[in-house]
Amino acid sequence: ACSSRYVLSQMHPMWQEPLAIPGGERQSPIDISVRKSMFDPQLKPLVMKYDPRTCQQIWNNGYSFLVEYDDTTDKSTLQGGPLEDQFRLCQFHFHWGENNKWGAEHTVDHLLYPAELHLVHWNADRYSLFEEAVMEDNGLAVIGVFLKVGKRHEGLQKLVDALPAVRHKDSVVEFTRFDASGLLPENTQDYWTYAGSLTTPPLTEAVTWIIMKQPIEVSHDQLAVFRSLLFTSAEEDVQKSMVNNFRVQQPLKGRTVRSSFV
Ligand SMILES: NS(=O)(=O)c1ccc(S(=O)(=O)NCc2cccs2)s1
Ligand SMILES: [Zn+2]
C-alpha cells in the first residue's frame, strides 16, 4: 500500500501550515475559474481500469480515512487525459466539513461542495515506489470528484458501513472487493486539469490534478457517518471529531487550468 509510511512521518498537527513549502509555485487546492480555463482539444479520454481484487484495507491516518489498494502490480490503473504515462491507484480518501455548506478542497467559481473524493495514483512507468514518485514533478495523478447532498449513493454504502471500525486514528480494518470506479460520476470525460501539489504534508508539487466536472450524489446520512470519525487515537483523553479536514486555497501563480470540454 502507498503513503502509509509517508503520513506517519510527515503529518503535522491539523491545519498548522508548515512554514517552508517546497517551491510554493504550484500549490493546491485552488479555485477553478470556469471562464478562465482553456479548452484543450488535445486532451485524450481518461481511462480508469480498477480491479476490485486489489482493494485491501481502510485506515484512519488521523487526517482522513484511506481505502488502500495493492499497488505492486498494474491491476488498477489510470492513463490518458493529460497523462503521458500509466499510473497505479494506491489509495482514495475524502475531505469534508462539519456541515453540508463546505468541506471540499477545490471550488468551481467559488462554489463550495460539502466534500471531495481524491483517488491517488503514482507514475509506475517512471518510478518503482510511491515514495519515489511523491517527490517528482510528474510523479502523481489525483482524480478529484465533488460530492453533493442528494440521493443515497449505493456504491458508497459498503464503505460507510465499515467506517465505525476505523473510528480512531491509527485503526485499520480489512476491506476487500471494492470497486472504486463505482464512485466516479457517469460523465468522466468532462474534467479540468492543472499542475499542483499534495494538499497535506509533504505538500510536494508532484500532482497532475484531474477534477471531474460532474459531482456524485450522496445522502445526508451517508455524509454524517464521515463526521463520526475521530482525529484522535483511542488512548487520547480528548476526542476530536474528524471534520473540516481540507486545506485553505492557494494562489494560482499564473498557472493555466485546462478543460477537456467546451
Ligand atoms: N489530498 S491529496 O490527495 O493531495 C494527498 C495528500 C497526501 C497524500 S499521501 O498519499 O501522500 N498520504 C496519505 C494521505 C494524507 C492525507 C490524506 S491522504 S494524498
Ligand atoms: Zn486529498
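First listed ligand is number 1; within each ligand, the first listed atom is number 1. The chain is numbered in sequence order, starting from 1. Just so it is clear, the model here is predicted, and its values are computed rather than measured.
Although no hydrogens or angles enter the test, the distance criterion places no donor-acceptor pair under 3.5 Å between the side chain of Arg177 and the main chain of Pro52. A distance-only check finds no donor-acceptor pair linking the side chain of Ser219 to the backbone of Lys151 [under 3.5 Å]. Checked by atom type and distance alone, the side chain of His168 never pairs as donor or acceptor with a backbone atom of Ser171 at under 3.5 Å.
The shortest distance between side-chain heavy atoms of His93 and Val120 falls below 4.5 Å. Proximity of Tyr69 to Gln91: side-chain heavy atoms (C-beta onward) are nowhere separated by under 4.5 Å.
When heavy-atom distances to ligand 1 are checked against a 4.0 Å cut-off, Val207 has no atom that comes that close, whether in backbone or side chain.
Between Lys253 and Glu25 there is a salt bridge, since at least one side-chain N of the basic residue sits less than 4.0 Å from a carboxylate O of the acidic one. Ion pairing between Asp85 and Arg126 holds under the 4.0 Å rule for side-chain N and carboxylate O.
Proximity to His95 (heavy-atom distance under 4.0 Å) selects the following atoms of ligand 1: 1 (N). Residue contact check: Tyr63 has heavy atoms under 4.0 Å from atoms 16 (C), 17 (C) of ligand 1. The contact set between ligand 1 and His93, taken as ligand atoms under 4.0 Å from a residue heavy atom, comprises 1 (N), 2 (S), 3 (O), 17 (C), 18 (S), 19 (S).
Using a 4.0 Å heavy-atom cutoff, Trp209 is listed among the residues neighbouring ligand 1. Within the 4.0 Å heavy-atom shell around ligand 1 one does not find Arg247.
Nearest to the Zn ion (ligand 2), among the N, O or S atoms that His118 has, is ND1. Nearest N/O/S atom of His95 relative to the Zn ion (ligand 2): this is NE2.
The heavy atom nearest to atom 15 (C) of ligand 1, considering only Thr204, Leu203, Asn61, is found in Asn61.
Note: an N/O pair closer than 3.5 Å links Thr199 and ligand 1 by distance alone.
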